[in-house]
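The structure appears right after this line, and notes come after that.
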There are 2 protein chains.
Amino acid sequence: MPNIAEVAELAGVSTATVSKYLNGVKVKAKNAAAIDAAVKKLNFHPNDFARGLRTNKSMSVGVILPELDNLFFTSIISGVDEILDAQGYSTFVCICRSDPMREKKKLDFLKRKKIDGLIAVPCSDTSDFVKGLEGIPVVLIDRLSGAGNCSCVLSDNFSAAYNATEKLISCGHSKIGVLLGPDSNYTPIERRSGFTAAMSTHMLTPEPQYIKTGAYRIDCGYSMTKELMSLDTPPTAIFATNNELTIGAVTALSELGLIPGKDISLIGFDSDTLAKAMNPALTVMVQNVGEIGRAAANNLLEQIKSESTGRSQIIRVQTEMLEGNSVCSIE
Amino acid sequence: MPNIAEVAELAGVSTATVSKYLNGVKVKAKNAAAIDAAVKKLNFHPNDFARGLRTNKSMSVGVILPELDNLFFTSIISGVDEILDAQGYSTFVCICRSDPMREKKKLDFLKRKKIDGLIAVPCSDTSDFVKGLEGIPVVLIDRLSGAGNCSCVLSDNFSAAYNATEKLISCGHSKIGVLLGPDSNYTPIERRSGFTAAMSTHMLTPEPQYIKTGAYRIDCGYSMTKELMSLDTPPTAIFATNNELTIGAVTALSELGLIPGKDISLIGFDSDTLAKAMNPALTVMVQNVGEIGRAAANNLLEQIKSESTGRSQIIRVQTEMLEGNSVCSIE
DNA sequence: TTTAATAAGTTAACCGATTAACATTATAGC
DNA sequence: GCTATAATGTTAATCGGTTAACTTATTAAA
């Protein structure tokens with residue numbers, strides 16, 4: 001592998017000139033041409049270690065996610081990578097398996113890698129999370145920072161839940177069951193209030209027995225749905241507020257022999273492939289996950305370039321209703 | 001950030017002693033204790049750039065994948081990360097969006113990062129791919145290397161297809177439609193021959209009109225299924241040999257009002273969440289993707305540690321039949 | 001033409017860990 | 001106690017860019 005000294009020699013200039021030129025400083029046209037030629041001839045690429053050692057910058061960003069078994073998280077990576085790659089940044093993907101201890105370790109690891117920025121869906125408390133990250137730009141996804149010292153990108157969860165609920169109400173439903181995630185996550189809070197708001201707008205009181213809370217897991221969606229349907233007066237519609245909960249609800253209903261769109265109404269969240277493959281197709285609220293990732297990356301780049309970590313910004317990404325035939329009108 | 005000199009000073013030894021001790025060379029017990037104490041007190045972590053610059057090793061491996069929109073690829077990352085992380089290696093994930101040019105770029109990028117090893121699902125021709133990778137350990141996933149100069153990890157595609165086909169035959173089916181991926185991929189070839197072998201074992205001749213080939217995409221699975229079902233004598237069973245093709249088949253059949261397990265028999269591939277959520281549940285052949293990732297990582301580590309790149313090894317991972325109720329017996 | 005001001009280029013120190021080559025200390029054998 | 005030998009330590013060069021401090025070349029002004 002050639003080094004900068006060989007390039008300098010071949011081009012007939014000093015290493016400083018080569019370095020400056022390659023980093024955007026103006027040099028005489030003749031020298032520029034000579035350096036270009038030498039770089040090309042030797043197929044020179046600056047050594048990232050040497051550069052990083054000297055500058056303490058890495059041209060890389062870290063991405064910390066709870067899991068990788070889920071298209072929500074992986075599509076974030078896609079979106080982030082799309083933007084960062086185009087700007088010459090590389091990405092360290094870290095999975096913490098929803099374990100705050102591991103998350104802490106990964107964070108240390110990334111700090112040692114001298115990442116220039118961090119994008120994360122933290123699994124620990126956000127204010128704990130951002131501690132010790134002073135001086136490095138951060139974008140949180142799907143959480144609002146309590147500390148307020150970093151940007152956040154989230155779906156407009158309130159509107160998503162509001163619109164879904166209103167859709168059900170407009171079809172005559174008033175006994176609406178909701179499957180919510182745990183309050184330890186951030187999104188369930190917003191989705192719950194979207195639901196409640198839509199209900200009260202239409203003069204309906206949300207009944208506690210119809211509001212189920214549980215982990216964002218398939219089996220929880222499954223059991224919550226079963227519980228709802230075994231009530232004395234079961235709901236006529238169900239709104240599942242997350243991918244796993246939706247799959248669980250679909251499974252439970254089909255086991256009960258209830259066909260969404262015929263025997264009961266169902267609106268899900270994400271799960272778009274499943275939604276389209278089902279018959280009748282499922283109506284779902286889908287998050288624009290690619291856009292979330294891109295927005296996060298763009299904001300991070302801004303922060304890196306302006307060297308302003310203090311500037312916290314909240315970016316909302318709209319959610320789309322993918323209409324199927326799982327909602328039916330009742331009297 | 002403290003450096004090794006500060007540690008050495010605090011411990012009352014030279015930097016060389018600290019470095020050696022931290023890299024596993026024996027030192028006097030008293031010094032070891034002093035170094036441990038100093039490291040702890042200063043919270044010292046060796047600078048990866050400096051180390052990499054000197055050793056030309058990075059303690060990192062690259063992973064190149066065509067896409068990230070697919071649980072097959074992301075679960076590979078999970079499995080790989082699980083093993084490598086435990087050994088102190090970090091992972092560069094690169095997405096080439098099924099574009100050989102981009103793949104080449106990512107490869108250059110990884111070489112510059114001085115990765116110690118590479119795990120890839122190449123989208124370009126495997127023999128082209130491994131060119132220029134001499135000296136760095138490689139494990140290919142889901143492909144066999146023509147060059148034979150690296151290890152490969154694949155599902156036992158032949159058996160998977162053989163067993164699925166035999167299952168359908170044992171239920172009385174002889175008019176079996178198969179949805180296959182393009183011959184430009186590697187797996188369709190193996191899956192096709194598993195199918196053909198099972199047929200001939202049972203004295204059945206595979207009919208060309210029942211064998212459909214197309215891209216691994218949902219819409220292809222959809223249209224191939226429609227084509228099959230509009231034949232004069234449509235098949236009584238369909239075997240979809242990949243996740244996307246399975247989803248496409250499910251969609252097409254439900255659109256035609258045909259219920260798998262009642263009006264037609266269907267065996268899919270992967271898609272296990274969809275398979276379980278459906279009613280009746282779908283019978284699918286599921287690849288053990290986590291194991292594929294782990295096997296790849298373990299083999300890579302072996303290669304890295306033994307410094308034997310030449311040793312090519314082929315590792316087959318078994319596929320499991322997840323039985324649902326989408327296969328029915330006919331006369 | 002000379003001088004001042006500016007542009008462009010060079011030298012060499014530096015980032016922080018590793019390691020070859022050398023120096024010192026500890027242990028064993030007589 | 002005194003070598004010989006093994007074990008452990010130290011010094012200083014090295015990896016390859018970057019950049020502060022300095023020098024030289026060029027242009028503009030007088």
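Chain letters run A, B, ... following the sequence lines, proteins first and then strands; every chain starts at 1. Just so you know, these numbers come straight off a predicted model, no measurement behind them.
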* Asked: Given axes from five pairs at either end, by how many degrees does the helix from dT1(C)-dA30(D) to dC30(C)-dG1(D) bend, rounded to 10°?
  -> 40°
In the structure I gave you, are the side-chain heavy atoms of [X] and [Y] within less than 4.5 Å of one another anywhere?
X        : Y         : value
Ile4(A)  : Phe44(A)  : yes
Asp85(B) : Lys106(A) : yes
Pro2(B)  : Asn43(B)  : no

Per [X] side chain, nearest of listed nucleotides [options]:
X        : options                   : answer
Arg54(B) : dA13(D), dG17(D), dT10(C) : dA13(D)
Lys26(A) : dC14(C), dA8(C), dT18(C)  : dA8(C)
Asn31(B) : dT18(C), dG9(C), dG9(D)   : dG9(D)

* Structure fact -> Distance col, row Leu140(B):CG vs Phe129(B):CZ, nearest 0.5 angstrom, shows 6.5 Å
* Structure fact -> Rounding to 0.5 Å, atoms CE (Met101(B)) and SG (Cys96(B)) come to a distance of 12.5 Å
* Using side chain to side chain contact (heavy atoms under 4.5 Å, CB included) as the criterion, point out the one residue from Val153(A), Ile315(A), Val317(A) that pairs with Glu291(A). => Val317(A)
Looking only at side-chain N and O atoms, does [Y] offer a donor or acceptor that is under 3.5 Å from a partner on [X]?
X         : Y         : value
Asn298(A) : Glu302(A) : no
Tyr21(B)  : Asp36(B)  : yes
Ser75(A)  : Ser78(A)  : no

Hey, does the side chain of [X] come within less than 4.0 Å of [N]'s phosphate (OP1/OP2), counting only N and O?
X        : N       : result
Ser19(A) : dG17(D) : no
Asn47(A) : dG16(D) : no
Asn56(A) : dC15(C) : no
Thr15(B) : dT11(D) : no

When all nucleic acid strands are considered with a 4.0 Å heavy-atom cut-off, which category describes [X]: base, sugar-phosphate, or nothing?
X        : value
Val25(B) : nothing
Tyr21(A) : nothing
Val18(B) : nothing

* Within the modelled atom types, does a donor on one side and an acceptor on the other bring the side chain of Arg51(A) and the base of dT18(D) under 3.5 Å apart? -> no
Just how far, in rounded Å, is [atom2] of [N] from [atom1] of [X]?
X         : N       : atom1 : atom2 : result
Glu6(B)   : dC15(C) : CD    : C1'   : 13 Å
Arg112(B) : dG17(D) : CZ    : P     : 12 Å
Phe49(A)  : dT18(C) : CZ    : P     : 12 Å
Asn3(A)   : dG17(D) : CG    : P     : 5 Å
Ile35(A)  : dT18(D) : CD1   : P     : 12 Å
His45(B)  : dC15(C) : NE2   : P     : 21 Å
Leu53(B)  : dT18(C) : CG    : C1'   : 10 Å
Lys30(B)  : dA7(D)  : NZ    : C1'   : 15 Å

* What is the per-nucleotide protein-contact pattern of nucleotides 21-26 of chain D, from the 5' end, where B denotes a base atom under 4.0 Å from a protein heavy atom, S denotes such proximity for sugar-phosphate atoms only, and - denotes neither? -> ------
* With DNA chain D as reference, determine whether Ile4(A) or Ala16(B) sits nearer its 5' end, using the nearest nucleotide of each. => Ala16(B)
* Comparing Val27(B) and Asn23(A) on DNA chain D - which has the more 5′ nearest nucleotide -> Val27(B)
* To do: Fit a plane to each ring of Phe109(B) and Phe92(B), take the angle between them on a 0 to 90° scale, and name the class: parallel (under 30°), tilted (30 to 60°) or perpendicular (over 60°).
  => perpendicular
* Asked: Asp48(A): what forms a side chain to side chain contact (heavy atoms under 4.5 Å, CB included) with it, not counting sequence neighbours?
  -> Arg112(B), Lys113(B)
